Every structure is written in C-alpha cells, then in structure tokens.
Amino acid sequence: MASMIKAQKANAAKYDKEKGKRKAEDMNLDGDDEQTSQTRPRKKNKQRVLMLSSRGVTHRMRHLMNDIEVLLPHVKKDAKLDSKSQLHLLPELADLNNCNNTLYFEARRHEDLYLWAAKTPNGPSIKMHVQNVHTMDELKMTGNCLKGSRGIVSFDKAFEETEWGRLTKEVFTHIFCVPPQARRAKPFIDHILTFSIVDGKIWFRNYQILEKDPLQPNGPPQTSLIEIGPRFVLTPIRIFEGAFSGATVFSNPEFVSPTAVRSAMKRERGDKYRIRKQAEQERSGRKELRRLEEDELAVTKVFA
C-alpha cells in the first residue's frame, strides 16, 4: 500500500514538472513583441447564412436555391416561411440558427421571384428582382467543381462608382465569401463567383478554374476559366436601413414591377380590340349612309 502511494506521488510530481516546462516554453521570456503578435490568434471570419423561401415557389426557383446552397457550404437551410407579411420574424429565425446573414427568396403569383439579402439583426437589407434564371440542370455546362470548395468572389469596378454599389458589394462579400473555418468547407479554391453591373442590373456568373488544358493534360500549365452555372440577373429595387424593415436608403427609379408590365401588355391588347371594334362600327355606318332610298315606282313595288 505504501509503495502504491509513493508511485502516485512520483507520477504527480513528474506531471507538475512537465506542465511547468510547457508553461515556460509558452512564455515569452525575451519580451519580443513581434513573436507575441505572430502567436496571437487572428480574428476569425464567422459568417453564417440562413437561406429560406416563401410559399409558392416553383421547381425552377427551388433548383436555383439548391444550386446556391451547393456553392455556399456555410449556408443553413430552413423551412418555408408561411406568411409573406411577417418579414420581421426573419431576424429572429436567423438568431435561432446562429446566423448573421439571410438570403430570403420571395415568390409572387407563382412566376415572379424576389431575393432579399440582409445582415441580421441590424441591417442593412437589399430587395432585388431575380430574372433570367438558368440552373445547372438546364445549362449542361462542361465545367465542374468540388462540392463544398471555397470560391473567389470577384466584383466589377462599377460597384465602386455608386453608393448603392459599394453597399451591395459589402453585403455580398459577407454572404458569398466562404470562411475557411466553415464546418462543411473543403480546403480548396477551384471556382470564381463574379458579379458585374450592366445596364443597372447585377449579373451573376460562376466559372471553374482550370490549370491544365484538357486537350493536352501533360503539357505546360495554362490557367483558363469554364462556366459552370447557375446564371441569374438581379435588379435592385430598394435598400433598407434595418433588417427587412427601416428607412429606405436607396430606391431604384428605373425599376418597373413585372405586374405593371403584364397589365400594360393586357391594356395594349385591349386597345387593339377596341380600335378594331370602332373601325367595324364606322364601316357599317358608312354603308348605311351610302345606301339609296327606295323609289315608290320601282319595279319591285309596281309588279309585286
């Protein structure tokens, strides 16, 4: 029994010595500030994105969401939001899912798609109209990238020319830049996400980075880009100060809602119908005026 107690005391003393050695090694005895700055942990990029949609999304909208989810491994997907008028619930949902960014796809009339990109819980938030959607299944591109890999986010220089462009660039940087500490992210960078402004609209494209020519795999390395997909165009509508609420920071005066466009087309078709009917009435009126009055001594009346 005494031997066991001695052995335990010896092991404890050995452990304390080793622990003291580790502490002495970790301590900066020379007082070098550069070494402490190098060993100081860097600030981590903790960006998580909550993605969800409203009721009434079509199959194409759902496939677009799945494609974006594949490109962003730090996305957390949630169930559909029942009511479109209760957008104030989205910051609470993001807080429950431990997310500080939100991508909300809002479907209207089963044919119009709007995208909300917001920083939660304090904002800002951007409402955009999604057009010209082409998913990966539709394009059938030859390019391919690793699932869960990180991508380089590239912005056009036109984003720096306007205030709303700089704000949109900052929000997109937080949402589409995958942090290296993401749980499902792979330690590879093999594609580029590009955002360009053309005619006041934001064009999104995704390209794979190829370092070898597929026709000459054993030849010298040649860096080239091949489009993967998906494709879509975003038209900014409004930028709000808060998360899905608040004062309007920017409003696009050139935006025309798709409902107004459809109503104008119906009105134009109605104008064509009304003009045609008026022309028929005028033609029948001219025929009545040209018709001669019947004579009482006409042959048809005398020999009737």
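What you see is a predicted model, and the numbers here were worked out from it, not measured in a lab.
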Subject >> Test side chain to side chain contact (heavy atoms under 4.5 Å, CB included) applied to L193 and H191, step by step >> reply: CA-CA 7 Å; L193 305 177; H191 63 278; 3.9 Å; yes
Original post:
Where do I189 and I152 land on the side chain to side chain contact (heavy atoms under 4.5 Å, CB included) test, with the steps shown first?
Top reply: CA-CA 7 Å; I189 296 177; I152 300 173; 3.5 Å; yes
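- More than 12 non-hydrogen atoms from other residues, nucleotides or ligands lie less than 6.0 angstrom from CH2 of W164.
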Subject >> Criterion side chain to side chain contact (heavy atoms under 4.5 Å, CB included) on V130 and V233, from CA distance to verdict >> reply: CA-CA 6 Å; V130 186; V233 179; over 6 Å; no
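- At least one side-chain heavy atom of L167 sits under 4.5 Å from a side-chain heavy atom of I239.
- Using modelled atom types, no side-chain atom of T194 and backbone atom of S154 make a donor-acceptor pair closer than 3.5 Å.
- Taking the side chain as every heavy atom from C-beta outward, L50 and L93 approach each other to under 4.5 Å.
- Contact record, V178 with A185: CG1-CB, 4.0 Å, taken as the closest heavy-atom pair.
- A pairwise comparison of heavy atoms in T102 and I175 identifies O-CD1, 4.4 Å as the closest pair.
- In terms of modelled atom types and a separation under 3.5 Å, the side chain of H74 and the main chain of R48 share no donor-acceptor contact.
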Subject >> salt bridge (Lys or Arg N to Asp or Glu O under 4.0 Å) evaluation trace for R108 with E106 >> reply: CA-CA 7 Å; R108 297 279 184 178; E106 182 180 356; 2.4 Å; yes
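- By the neighbour-count criterion of 12 heavy atoms within 6.0 Å, atom NE2 of H88 is densely surrounded, having more than that number from other residues, nucleotides or ligands.
- N144 and Q208 share no donor-acceptor pair across their side chains, judged by distance under 3.5 Å alone.
- Residues F176 and F195 bring their aromatic ring centres within 6.0 Å.
- Annotation for L87 and P91: closest pair O-CD, 3.6 Å, computed over non-hydrogen atoms.
- Interatomic distance, CG of L64 versus CG of D137, reported as 11.5 Å (0.5 Å rounding).
- If you chain together hydrophobic residues whose side chains sit under 4.5 Å apart, I192 and L71 never meet in one group.
- Atom NZ of residue K76 and atom CE of residue M51 lie 14.0 Å apart, to the nearest 0.5 angstrom.
- Between F240 and F250 there is no side-chain heavy-atom pair separated by less than 4.5 Å.
- A salt bridge links E111 with R262: the closest approach of a Lys/Arg side-chain nitrogen to an acidic carboxylate oxygen falls below 4.0 angstrom.
- Within a 6.0 Å radius of NZ in K80, more than 12 heavy atoms belonging to other residues, nucleotides or ligands are found.
- A side-chain N or O of S149 and one of D190 form a donor-acceptor pair less than 3.5 Å apart.
- No chain of hydrophobic side-chain contacts below 4.5 Å, direct or via other Ile, Leu, Val, Met, Phe, Trp or Tyr residues, connects F105 to I237.
- Seen from the ring of Y114, K127 counts as a face-on cation partner, given the 6.0 Å and 45° thresholds.
- Within 6.0 Å of CD on E280 lie more than 12 heavy atoms contributed by other residues, nucleotides or ligands.
- We find the CZ-OG1 distance between F255 and T235 to be 6.5 Å, quoted to the nearest 0.5 Å.
- The side-chain heavy atoms of E227 and R205, taken from C-beta on, include a pair separated by under 4.5 Å.
- W116 and S125 make their closest contact through CZ3-OG, 4.3 Å (heavy atoms, listed as atom of the first residue, atom of the second, distance).
- Open room surrounds CZ on R60; 12 or fewer heavy atoms of other groups in view lie less than 6.0 Å from it.
- There is a path of hydrophobic side-chain contacts, each under 4.5 Å, that joins V249 to I126.
- With contacts defined as side-chain heavy-atom distances shorter than 4.5 Å, the pair Q131/K201 qualifies.
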**OP:** Start with the C-alpha gap between L113 and F232, add the side-chain angles, then the distance that decides, and say whether side chain to side chain contact (heavy atoms under 4.5 Å, CB included) holds.
**Re:** CA-CA 11 Å; L113 181 62; F232 55 88; over 6 Å; no
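- Of all the heavy atoms in P73 and G148, the pair that sits closest is CG-O, 3.7 Å.
- Hydrophobic clustering places V75 together with V57 (ILVMFWY residues linked when any side-chain heavy atoms are closer than 4.5 Å, directly or through intermediates).
- The distance from the NE2 atom of H129 to the CG atom of N252 is 12.5 Å, given to the nearest 0.5 Å.
- Panel note: side chain N206, backbone I228; no donor-acceptor pair is recorded below 3.5 Å.
- Put simply, the side chain of R231 does not reach to within 4.5 Å of the side chain of F204, judged on heavy atoms.
- Looking at N66 and V70, their side chains never come closer than 4.5 Å, going by heavy atoms from C-beta outward.
- Here the closest heavy-atom approach between residue D78 and residue L52 is recorded as O-CB, 4.0 Å.
- Taking 4.0 Å as the cut-off between side-chain N and carboxylate O, E161 and R166 do not count as a salt-bridged pair.
- The closest donor-acceptor contact from the side chain of T223 to the backbone of E211 lies at 3.5 Å or more, if one exists at all.
- With respect to E138 and K140, no salt bridge is recorded, no charged nitrogen being found less than 4.0 Å from a carboxylate O.
- Within a 6.0 Å radius of CG in D271, more than 12 heavy atoms belonging to other residues, nucleotides or ligands are found.
- Side-chain atoms of N97 never come within 3.5 Å of backbone atoms of C99 as a donor-acceptor pair (strictly under, hydrogens ignored).
- Side-chain N/O atoms of K119 and N100 include no donor and acceptor closer than 3.5 Å.
- Within the model, atoms CG of N101 and NE2 of H174 stand 7.5 Å from one another, a figure rounded to the nearest 0.5 Å.
- To the nearest 0.5 Å, the span separating CZ on F155 from CD1 on I202 amounts to 9.0 Å.
- With contacts defined as side-chain heavy-atom distances shorter than 4.5 Å, the pair Q86/L81 does not qualify.
- M128 and F244 fall into different hydrophobic clusters, defined by Ile, Leu, Val, Met, Phe, Trp and Tyr side-chain heavy atoms under 4.5 Å apart, directly or through other members.
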